[in-house]
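Right, one structure below, let's go through it.
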Amino acid sequence: MLQYLIILLDDTSTSFCHYGQTKTEQRLMPLEMLRQGIRFGMMENLMIQYVYPDYELPAEYREVIESIDHSKIKPVLSDADVWVTDDIKGIASEVPVVWRVSKKELLSHEAEVITALSNVPRLNIVLTDVETMTDDDFTEYKTFLERTVAKLEGMFVESKSPQLNLLTDRMMLKKMNNCGAGDTNITLAPNGKFYVCPAFYYENEEDSIGDLESGLNIPNKQLYKLEYAPICRHCDAYQCKRCVWLNRKLTLEVNTPSHEQCVTAHLERNVSRELLQQIRKHGTFLPEQEDIKEIDYLDPFDKRDEWQ
């Protein structure tokens with residue numbers, strides 16, 4: 001069931017996920033089209049999320065934007081509800097921060113990650129090249145996560161509540177909390193067409209799922225739902241974003257993730273288990289939450305013969 005409408009205000013709107021922002025020329029969504037998009041969201045009872053470019057919008061746009069409840073995803077901190085950045089050094093914010101980073105850059109900024117967790121209410125780390133992960137990368141990533149656990153444990157002992165999507169989300173979740181593209185959210189691009197998510201638009205403008213004039217038309221829309229995902233519906237790496245764009249890119253199926261995505265998510269899941277065990281040694285923590293069980297695999301596809 002749709003819950004969110006993501007509106008890309010410009011072709012150069014910031015990327016907040018795995019996809020790269022490939023357009024360099026500004027193309028601001030026409031004002032009347034923006035009004036129509038808001039009207040569509042109202043009619044469908046959707047929460048609107050605006051994704052901003054890195055320049056100041058005209059006053060008339062700001063007035064229309066404020067005409068409805070919404071959240072702002074911005075590449076600048078000012079007036080943002082979610083701040084997207086590619087530089088974590090010295091970061092401080094009162095709003096959640098999305099840090100888009102390559103695996104190499106992540107591993108070289110380990111100290112900055114810990115510092116940031118003390119200076120922001122929430123840090124979401126998005127690996128921009130997860131599809132290139134190798135066995136050596138998995139080993140290094142696991143080591144990074146394990147070292148981060150030791151720091152997080154100390155913060156919890158000090159009665160702090162750090163939020164890091166890679167490690168603390170899984171401790172809190174009792175079910176999948178995926179991206180939801182094509183299922184709980186869709187995207188409206190500056191050309192007036194709908195897309196499963198911004199990545200589909202930036203990859204191919206012809207890959208639309210309707211427009212403001214004719215409405216939505218999502219082919220095989222059931223495939224974007226968890227119950228139609230043959231691997232994911234058996235999985236308990238609840239923090240995994242289950243990126244349908246990467247799924248299609250790497251496996252040619254929107255409902256089937258790649259080996260790289262699954263192993264990365266399960267490394268996070270398993271180290272989250274370690275974190276939960278460690279902080280429970282210091283007192284009652286999430287008593288209503290079940291333990292994260294130990295598993296003997298990193299890719300659930302390897303257990304496919306056991307699925308019922």
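Between the side chain of S67 and the main chain of E63, no donor-acceptor pair closer than 3.5 Å is present. The backbone N or O of V95 sits nowhere less than 3.5 Å from a side-chain atom of D81 that would complete a donor-acceptor pair. Remark: side-chain polar atoms of D10 are paired, donor with acceptor, to backbone N or O of R27 under 3.5 angstrom. The backbone N or O of A265 sits less than 3.5 Å from a side-chain atom of Q239, completing a donor-acceptor pair. Within the 3.5 Å criterion, the main-chain N or O of N177 finds a donor-acceptor partner in the side chain of K241. Here the side chain of Y238 pairs no donor or acceptor atom with the backbone of M172 at under 3.5 angstrom. The backbone N or O of T115 sits less than 3.5 Å from a side-chain atom of N119, completing a donor-acceptor pair. A donor-acceptor contact shorter than 3.5 Å is absent between the side chain of S13 and the backbone of L8. In this structure a side-chain-to-backbone donor-acceptor pair under 3.5 Å is present from H18 to L127. Without hydrogens or angle criteria, R170 side chain to D236 main chain gives a donor-acceptor distance under 3.5 Å.
Between F194 and N217, every side-chain heavy-atom pair lies at or beyond the 4.5 Å cut-off. Q21 places none of its side-chain heavy atoms less than 4.5 Å from the side chain of R100. When side chains are defined from C-beta on, T264 does not count as touching D137, because their heavy atoms never get closer than 4.5 Å. Within the 4.5 Å cutoff, the side chain of T12 has heavy atoms near those of the Y55 side chain. Considering only heavy atoms from C-beta on, I48 stays 4.5 Å or farther from F40 through its side chain. Side-chain atoms of E205 and Y195, non-hydrogen and from C-beta on, do get closer than 4.5 Å to each other. Looking only at side-chain heavy atoms (C-beta outward), C232 and N255 stay at 4.5 Å or farther from each other.
For T132, the side-chain contact (heavy atoms from CB on, under 4.5 Å) partners two or more places apart in sequence, or in a different chain, are K103, D129. Residues passing the side-chain contact (heavy atoms from CB on, under 4.5 Å) test with E294, sequence neighbours excluded: R273. R242 is linked by a salt bridge (charged side-chain N to carboxylate O under 4.0 Å, His left out) to nothing, counting only residues two or more places apart in sequence or in another chain.
Taking hydrophobic clusters as Ile, Leu, Val, Met, Phe, Trp and Tyr residues chained together by side-chain heavy-atom distances below 4.5 Å, M155 shares a cluster with I88. When hydrophobic clusters are built by joining Ile, Leu, Val, Met, Phe, Trp and Tyr residues whose side-chain heavy atoms come closer than 4.5 Å, directly or via intermediates, I218 is not grouped with Y4. Hydrophobic clustering of Ile, Leu, Val, Met, Phe, Trp and Tyr side chains at less than 4.5 Å, counting indirect connections, keeps V76 apart from V120. Hydrophobic clustering (ILVMFWY, side-chain heavy atoms < 4.5 Å, transitive): F200 and L216 are in one cluster. The hydrophobic cluster containing I186 also contains L212, counting ILVMFWY residues as joined when their side-chain heavy atoms lie under 4.5 angstrom apart, directly or transitively.
Closest non-hydrogen pair, A116 versus I91, comes out as CB-CG2, 3.6 Å. Contact between L77 and S93 at its shortest, heavy atoms only, is CD1-OG, 3.5 Å. N185 approaches C179 most closely through the heavy-atom pair ND2-O, 2.9 Å.
For K174 and E290, the salt-bridge test fails: no basic side-chain N is under 4.0 Å from an acidic carboxylate O. A salt bridge links K72 with E66: the closest approach of a Lys/Arg side-chain nitrogen to an acidic carboxylate oxygen falls below 4.0 angstrom.
Interatomic distance, H70 NE2 to Q49 CD, rounded to the nearest 0.5 Å: 11.0 Å. For the atom pair CG of L57 and CD1 of I65, the computed distance is 5.0 Å after rounding to the nearest 0.5 Å. Atom CD of Q261 sits about 10.5 Å away from atom CG of D299, to the nearest 0.5 Å. Interatomic distance, CD1 of I38 versus CG of L5, reported as 9.5 Å (0.5 Å rounding). Between the CG atom in L275 and the CD atom in E268 there is a gap of 13.0 Å [rounded to 0.5 Å]. Atom NZ of K303 is separated from atom SG of C235 by 13.5 Å, given to the nearest 0.5 angstrom.
Using a 3.5 Å distance cut-off with no hydrogens or angles, the side chains of E253 and T251 do not pair a donor with an acceptor. Looking at E105 and S102, their side chains never bring a donor and an acceptor atom within 3.5 Å of each other.
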Check your understanding: Are D79 and R62 close enough, and set up right, to give a salt bridge (Lys or Arg N to Asp or Glu O under 4.0 Å), and what steps lead you there?
Key -> CA-CA 11 Å; D79 197 29; R62 298 197 298 272; over 6 Å; no
**Study point:** salt bridge (Lys or Arg N to Asp or Glu O under 4.0 Å) evaluation trace for E158 with K160
**Key:** CA-CA 6 Å; E158 295 172 359; K160 298 178 181 178; 3.4 Å; yes
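Both tests do not hold together for K249 against Y19: distance to the six-membered ring centre under 6.0 Å, angle to the ring axis within 45°.
Between H266 and Y297, the ring planes are tilted. Angles from 30° to 60° get that label.
Between Q278 and the options H282, E274, K281, a side-chain hydrogen bond (donor to acceptor under 3.5 Å, both in side chains) holds for only K281.
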